[in-house]
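Worksheet for the structure shown next.
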Amino acid sequence: MNAKKWVLTFLLLALVLALGLAAFNYVTDPFGAFGDRFLNWFSYDETNNPRVAKISYLEQHHEEYDSYILGCSSTSSLQVSDFNELYDANFYNLIMYGADMRDCEKIADYLIEHYEVKNLVLNVYLDNGFTYDDETDRLTRNLHYLTDPDTSALSFYTRYLFCDPRYGLSKLKNLRNDRLLPQSFDVFNEATGEYDKRVRDVEPIGSMESYLEAYPVFADYPKTGDFTLGQTENCMRSVAAIKERCEAAGVNLVVITAPVYIDYFQNFQAEDVANFYASLAKVTDFWDFSCSSVSCEPRYFYDATHFRNAVGSMIAARIAGDDSVYIPGDFGTYVTADTPASYFTDVLSAQPLPESDICTDVPILLWHNLAEEASGDVTISVDTFRAQIEALHDAGFETVSLQQLYDYVHYGTELPENPILLTFDDGYLSNYEYAYPILREYGMQATIFAIGVSIGKDTYKGTDHAMTPHFGAAEAREMVASGLISVQSHTYDMHQWPPFEDGSTQVRETMLPFVGESDADYEAAVETDFAESRAAIEAITGQTVNALAFPEGAYVTLTQDALRNAGVEITLSTVRGTATVVKGLPQSLSAMKRISVTESTDTEALIAELQG
C-alpha cells in the first residue's frame, strides 16, 4: 500500500472513530446536553452539570412550571412545595454548583425571554461575593448555550460530542447500579430540580452530643481560608440587572439571603460581610436569613453552607407570615434601603438560643405484655408494673402524648417540666385489663402500638394456633375515649411468627426487606401494609394514625422513606437511650430511642437514669 492509501486509510479510520465517539456521547449524553433522548436519566445528568442538564430538561417540560428558584447549592433547601403553596404557583428549582451571580443573570434572562415566569426567587449567598463569571470547567460548570450568549451552539455541542467517553461509560455502569433512593451519581430530583434529600432527611437527629459524633465538622469547625469578597460589586450589578428584567416583564422577584453557619463567617472580614449585605440593600429589598440563632444551631445544617430542608420551610413560613409554625423570633428580617447601617455591622452578632429553649429530652419507656406472674422477657407482673408507675409518679414525671411531641417540634408548644412517654408494643389484651386501670388510677397517658391483623384475636391469623390475646375494637374505643390512651401502628402484618405461617410465602418477622427484593416492591409492600394498619385503627378509634414503632426495632432507610411517603410522621426504635426532640426539626421524631422495661428492671436505678 502506497503512502497516499495509508494516509487515506488513516484519515478514514480517524473519521470513523470520531463519529463513533460522537455517537456514543450523543446516546449516553452524561451531561444532558442533547436532551438525554435515549436514557432519559436527568437526575444523573444534573449531578454532572445542573446548569446544562436542567435547561435541557426544561426545554421538554417548561410548560409544567410558571415560577423558578435560582441560586447556588444552598438554594436547594428552598423547597418547591413550600413556595408553590406560598405563591399558588408551580416552581422549579434551578440550583447550581458554585455561587456565580453572572450565571444567575444569564439564566434569568433566558427564563423570562422564553418561558412563562410569574415568580422568581433569587438566593444571594455570601459566596456570590468572591466568585463571578467563573468558566474554569467547560464541562461541569458551564452554562447551556441557550442561556449563554457568549457561547455558540456549534462550540457547545462539539465540546460534548467529543468529550472523554469515560463519562458515558460511567453513566452506563451506574445505570446498572441505580436504586430507588439517591446515590452519589444521581443526587437531584429532576421533577423539582432540588437535591434529592430523602436519605438525609430521615436520618435520626436528637441530642447535640450525638449529632456532633455524626457530624464532627461542627465540633471543631475548620477555618478554611481568608476569603475576599472582591466580587461584591459585580454580584450586585447582576442582581440589579435581574431586578430590572423582572420589573420590565412583570415578574414577582423575591430576593433571599440564605442562612449561613455561624463559624463559616470566620472566613471573611467582618467589614466585608457588612458591606456585602449593605450593598444588596441598595439594589433591592430582600429577606435576610443569613445570620440568626438558627445559624448558631448545627442541627439545622447538613454542613456549613447547606441548611436543612426544615429550615427552608421556616423561610417560606416567615415570608408568608405564618405564625402557627415554630420559627425562632430573630429568624428573618425584611431589609430595605432604609434599614439602618448598624443592622449590617451587627449581622454577625447573633447568639444561640439556650439549649432548654430549643430542645427537650424525653425518656420513652417500652413494655409489652402484663400478667399476674412474670414470664419470659416481655411479660411483666402486674405488681411490678404498678410499682414502676408509682415510682414514676412519685418522682414527678408527667406523661405526654405523641401529639404533644409533634406539637412541640412543629409549633413550639412547650412540654411539661419532666416529660415522659409510656409505650406498649403489640397490642395485648393485658394492656387493657391490667395496664390501663393502673394508668387511669395515676392519670398517666400511654401509646399502644398495635399489630393490625391481630386486633381482637386470640388465635393466629385465621388458624387454630393459640396466641396471647390482643385487645379488640371495644377495648380500644374505651381506652381512647378516656383521653389517656392513643393507639398507633406496629404494622398491619409485618410482625409475623414463622412457626405459625403456612410456608407458602416468605415471612416478614420485621419490616426488613427480603433478600433480593427490589426497592420498589419493598416500598410498595411497606406503604400498603401501613395503609391497612391505619385504616383498621382509625376505623375503630376515629383518631389519626401517623406513628409507627418498628417491630423488634428493625428498619432500613428504605423503610423510613416508604413510611414517609405513606404519611408516617413519627417512628420509634428499640435502641436504648433518651429521645431528644428539637423545635423546628421534624427529623428528631424519627427512629426515637426507647428504654425497655422488664420484670428485672431495677426501679430505683431506672428512676436515677431518667433523672440523670
Side-chain angles (χ1 to χ4, degrees), residues 46 50-51 54 57-58 64-101 103-104 107-108 111 117-128 182 187-198 200-201 239 242-243 246 251-261 264 280 284-292 294-295 300-322 325-328 331-335 584-587:
E46 292 173 9
R51 288 169 169 82
K54 287 186 178 184
Y57 179 83
L58 287 174
E64 301 169 19
Y65 309 97
D66 60 20
S67 301
Y68 297 89
I69 303 173
L70 187 59
C72 63
S73 57
S74 70
T75 308
S76 179
S77 291
L78 303 176
Q79 299 169 87
V80 299
S81 57
D82 293 327
F83 283 84
N84 286 345
E85 181 177 354
L86 175 58
Y87 292 108
D88 189 24
N90 295 304
F91 273 90
Y92 189 80
N93 196 316
L94 276 159
I95 78 113
M96 63 188 76
Y97 302 142
D100 192 329
M101 194 54 64
D103 286 355
C104 290
I107 292 172
L111 297 175
V117 183
K118 294 181 179 178
N119 305 281
L120 183 65
V121 176
L122 179 67
N123 175 23
V124 182
Y125 197 72
L126 192 61
D127 288 5
N128 287 116
V187 301
F188 280 94
N189 179 333
E190 61 189 40
T192 65
E194 302 164 342
Y195 279 138
D196 189 337
K197 297 175 184 173
R198 284 178 291 167
R200 302 297 301 273
D201 285 348
V239 173
I242 294 171
K243 179 184 178 183
C246 287
V251 175
N252 175 41
L253 175 64
V254 181
V255 179
I256 291 171
T257 57
V260 181
Y261 181 58
Y264 187 68
L280 181 60
T284 182
D285 299 346
F286 66 96
W287 279 98
D288 181 25
F289 298 97
S290 61
C291 193
S292 67
V294 166
S295 296
Y300 287 142
F301 288 81
Y302 303 107
D303 53 49
T305 57
H306 298 92
F307 53 95
R308 290 189 175 272
N309 281 357
V311 176
S313 295
M314 286 186 196
I315 289 173
R318 176 65 82 200
I319 294 173
D322 184 358
V325 299
Y326 172 75
I327 308 173
F331 185 61
T333 301
Y334 193 67
V335 175
L585 196 59
Q587 281 177 264

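The first residue of the sequence shown is numbered 1, and numbering continues consecutively from there. Treat the numbers as computed from the prediction; the structure is a model and nothing was measured. Atoms considered below: every heavy atom in the structure, side chains included; atoms not considered: hydrogens, waters and symmetry mates.
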Check: S313/D82 side-chain N/O donor and acceptor closer than 3.5 Å: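 Their side chains do contain a donor-acceptor pair, which is all the 3.5 Å distance test asks for.
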Between D127 and Y264, do the side chains contain an N or O donor and an N or O acceptor separated by less than 3.5 Å? yes
Are any of the side-chain heavy atoms of [X] and [Y] separated by less than 4.5 Å?
X: L70; Y: M96; answer: yes
X: S74; Y: T305; answer: no
X: F286; Y: T257; answer: yes
X: F307; Y: I315; answer: yes
X: V335; Y: L280; answer: no
X: D201; Y: Q587; answer: yes
X: H306; Y: Y261; answer: no
X: Y300; Y: P259; answer: no

Would you find a donor on one side and an acceptor on the other, under 3.5 Å apart, between the side chain of [X] and the backbone of [Y]?
X: Q79; Y: G312; result: no
X: N84; Y: F91; result: yes
X: S290; Y: V260; result: no
X: K243; Y: L253; result: no

Starting at [atom1] of [X], measure out to [atom2] of [Y] and round the result to the nearest 0.5 Å.
X: E46; Y: Y195; atom1: CD; atom2: OH; answer: 11.0 Å
X: E194; Y: I69; atom1: CD; atom2: CD1; answer: 7.0 Å
X: R200; Y: N309; atom1: CZ; atom2: CG; answer: 10.0 Å
X: L122; Y: I256; atom1: CG; atom2: CD1; answer: 9.0 Å
X: M314; Y: L585; atom1: CE; atom2: CG; answer: 7.5 Å
X: S73; Y: D303; atom1: OG; atom2: CG; answer: 8.0 Å

Pick one: which of T75, V121, T192 meets side-chain contact (heavy atoms from CB on, under 4.5 Å) with N93?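 Output: one option passes, namely T75.
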Sort out for me which residue in C72, S76, C104 forms a side-chain contact (heavy atoms from CB on, under 4.5 Å) with N123. C72
Could you work out, with ring-ring contact (aromatic ring centres under 6.0 Å, His included) as the rule, every residue matching Y65, not counting sequence neighbours? Y92
Does D100 form a side-chain contact (heavy atoms from CB on, under 4.5 Å) with R51? I'd like the steps, not just the answer. CA-CA 11 Å; D100 192 329; R51 288 169 169 82; 4.0 Å; yes
[X] to [Y] - nearest heavy-atom pair and separation:
X: I95; Y: K54; result: O-NZ, 3.0 Å
X: A89; Y: N119; result: CB-ND2, 3.7 Å
X: D285; Y: V255; result: O-CB, 3.9 Å
X: Y302; Y: S77; result: CE1-OG, 4.0 Å
X: Y326; Y: P328; result: OH-CG, 3.6 Å
X: V251; Y: L120; result: CG1-N, 3.9 Å

What's the verdict on side-chain contact (heavy atoms from CB on, under 4.5 Å) for R318 and W287, showing C-alpha distance, side-chain angles and the deciding distance? CA-CA 9 Å; R318 176 65 82 200; W287 279 98; 3.9 Å; yes
Given the rule in the side-chain contact (heavy atoms from CB on, under 4.5 Å) test, do M101 and I242 qualify, once you have shown the distances and angles that lead to the verdict? CA-CA 10 Å; M101 194 54 64; I242 294 171; 4.1 Å; yes
Carefully, step by step, assess Y68 and I107 under the rule side-chain contact (heavy atoms from CB on, under 4.5 Å). CA-CA 10 Å; Y68 297 89; I107 292 172; over 6 Å; no
